[in-house]
There are 2 protein chains.
Amino acid sequence: MIDHSADRAVFRQLADLLRRQIESGELRPGEALPSELRLADDYNISRTTVRQAIGQLRTEGLVTVDRPRGTFVRVPEPVQIVTLARGDRVGARMPNDNERRKYRLRDGVPVLVVTAHDGTETVHPADRVQLTRP
Amino acid sequence: MIDHSADRAVFRQLADLLRRQIESGELRPGEALPSELRLADDYNISRTTVRQAIGQLRTEGLVTVDRPRGTFVRVPEPVQIVTLARGDRVGARMPNDNERRKYRLRDGVPVLVVTAHDGTETVHPADRVQLTRP
DNA sequence: GGTGATTTGTACGTATGTATA
DNA sequence: TTATACATACGTACAAATCAC
């Protein structure tokens, strides 16, 4: 399972392991991961190390934490379609703290930034918005 | 500077402080942040807490770490313009491990995902690509 | 070439706070 | 009320890579 003598850090090995379970469907959307203490116990590692692994998955947008209920596999949001206007430019970046609060963004969710021809910028949460070129 | 009795966590206060310095230009692109130990000393907090703050800025894509040289304000990459085709849909998400390696993506950089009308998906690093609707 | 100092990374431990069930 | 679970914050120790001398 976890190889302390391996080249890859222990917390990355645990993240890899959980990521595989999520991507394979062994852990399904909405399902809870084992608690931090449980994981620490199961794999004989410290809770700190478990938190590093979970933190990794959070930044990847794979899990969300509902404190203190637990940590859950992220459930896809309903997607709203937004139509691009002529001359629009589209980029993406991670939100800062204010934007995360404003749009109630979960960890690991980027924002789409649409820059209109006149320079006006519009920000969309990337988990709930898709843009279309008609 | 840092208020230990405040509602906002100390590491978030430090992240806010550094973020302001970056966004105001006081810390310029390519410039090094003070070392973790230096920050811990300056603000009388533990290195662990400093690392949480820096970690926050990394997930936001504001700083990059060149170990063990130091932590630097991220330098904008030259942007390539990609034109959208009729019927394309655009989304954004954080990259998985493979994509991070393939595109040599830094922390906190999302990918733009373009889905063509026939379902084909194309992935672009969001720090080096902007999409346009002609 | 080598040595030591610096800096970030990993991993452990402890303690306490806060919100939920 | 009690137990559970995540969040914050402190500490220690050592590893690995770079750099100045």
Side-chain angles (χ1 to χ4, degrees), chain A residues 1-18 27 30-74 97 100-101 104-108, chain B residues 1-18 27 30-59 61-74 97 100 106-108:
Chain A
M1 309 265 199
I2 301 285
D3 178 4
H4 283 263
S5 69
D7 236 22
R8 192 158 177 79
V10 171
F11 84 88
R12 293 192 193 281
Q13 292 182 53
L14 177 56
D16 292 344
L17 198 153
L18 293 169
L27 282 169
E31 192 172 344
L33 272 62
S35 77
E36 294 172 354
L37 282 174
R38 183 64 198 277
L39 287 169
D41 217 42
D42 285 357
Y43 295 101
N44 280 294
I45 57 184
S46 73
R47 189 184 154 212
T48 312
T49 302
V50 171
R51 280 184 63 77
Q52 281 182 279
I54 304 270
Q56 179 65 39
L57 300 178
R58 291 174 69 168
T59 68
E60 294 175 11
L62 292 179
V63 303
T64 59
V65 174
D66 187 359
R67 172 191 175 199
R69 285 188 50 240
T71 304
F72 303 85
V73 180
R74 214 180 88 192
D97 245 26
R100 276 215 303 280
R101 279 196 298 273
R104 299 177 187 282
L105 291 167
R106 300 176 194 278
D107 290 326
Chain B
M1 303 275 195
I2 302 285
D3 178 3
H4 283 262
S5 68
D7 234 22
R8 192 159 178 77
V10 171
F11 83 87
R12 293 191 195 282
Q13 292 182 53
L14 177 57
D16 292 344
L17 197 154
L18 293 169
L27 281 169
E31 192 173 343
L33 273 62
S35 77
E36 295 173 355
L37 282 174
R38 183 64 198 277
L39 287 169
D41 217 43
D42 284 356
Y43 296 101
N44 280 294
I45 56 185
S46 72
R47 188 184 155 213
T48 311
T49 302
V50 170
R51 280 183 64 78
Q52 281 181 277
I54 304 270
Q56 179 64 40
L57 300 178
R58 290 174 69 166
T59 69
L62 292 180
V63 304
T64 59
V65 174
D66 187 0
R67 172 193 180 199
R69 285 190 49 241
T71 305
F72 302 84
V73 179
R74 214 181 85 192
D97 249 22
R100 272 207 301 279
R106 299 177 193 278
D107 290 329

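To find a chain, count down the sequence lines: A is the first, B the second, and so on, and within it residues start at 1.
- In summary, the side chains of B:Gln56 and B:Gln52 do not present any donor paired with an acceptor at a separation below 3.5 Å, with no hydrogens or angles considered.
- The side chain of A:Ser46 has C:dG13 as its nearest neighbour among C:dG9, D:dT8, C:dG13.
- In this entry the distance linking CZ of A:Arg38 with C1' of D:dA3 reads 17 Å, nearest Å.
- Atoms CG (B:Asp41) and C1' (C:dT7) sit 15 Å apart, rounded to a whole Å.
- With rounding to whole Å, A:Arg8 atom CZ is found 13 Å from C:dT10 atom C1'.
- The side chain of A:Thr48 has C:dG13 as its nearest neighbour among C:dG13, D:dC6, D:dT18.
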Requested in this report: Show the numbers, then the answer: is there a salt bridge (Lys or Arg N to Asp or Glu O under 4.0 Å) between A:Glu60 and A:Arg74?
Outcome: CA-CA 11 Å; A:Glu60 294 175 11; A:Arg74 214 180 88 192; over 6 Å; no
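- Atom CG of A:Asp66 is separated from atom P of C:dT18 by 18 Å (rounded to the nearest Å).
- Atom CG of B:Leu37 and atom P of D:dC10 are 14 Å apart (whole Å).
- Considering only side-chain atoms of B:Arg67, the nucleotide from C:dT8, C:dA11, D:dA7 that sits closest is C:dT8.
- To the nearest angstrom, P of D:dA9 lies 11 Å from CG of B:Asp7.
- Atoms CD1 and CG, on B:Ile2 and B:Asp16 in that order, are 8.5 Å from each other to the nearest 0.5 Å.
- Atom P of nucleotide D:dA9 and atom CG of B:Leu14 are separated by 10 Å, given to the nearest angstrom.
- Residues B:Phe72 and B:Leu33 come closest through the heavy atom pair C-CD1, 4.3 Å.
- Looking at B:Arg47, its side chain comes within 3.5 Å of the base of C:dG9 through a donor and an acceptor atom.
- Not one side-chain nitrogen or oxygen of B:Arg58 sits closer than 4.0 Å to the OP1 or OP2 atom of C:dT8.
- Heavy-atom nearest nucleotides on DNA chain C were determined for B:Pro34 and for A:Gln52, and the one closer to the 5' end corresponds to B:Pro34.
- Proximity note for B:Arg69 (side chain, C-beta onward) versus C:dC12, D:dC19, D:dC10: the nearest is D:dC19.
- Looking at B:Arg38 and B:Asp41, no side-chain N of the basic residue comes within less than 4.0 Å of a carboxylate O on the acidic one, giving no salt bridge.
- Following rounding to the nearest Å, B:Asp107 (CG) and C:dG9 (C1') show an atom-to-atom distance of 13 Å.
- In the set C:dC12, D:dT18, D:dT8, the nucleotide with an atom closest to the side chain of A:His4 is C:dC12.
- Considering only side-chain atoms of B:Pro68, the nucleotide from D:dT18, D:dC6, C:dT10 that sits closest is D:dT18.
- Residue B:Ser35 places its side chain closer to C:dT7 than to any other of C:dC12, C:dT7, D:dA7.
- Distances shown here put a side-chain N or O of B:Thr71 below 4.0 Å from the OP1 or OP2 atom of C:dT8.
- Among the heavy atoms of the strands lying under 4.0 Å from B:Ile45 are primed sugar atoms or P, OP1, OP2 only; no base atom is included.
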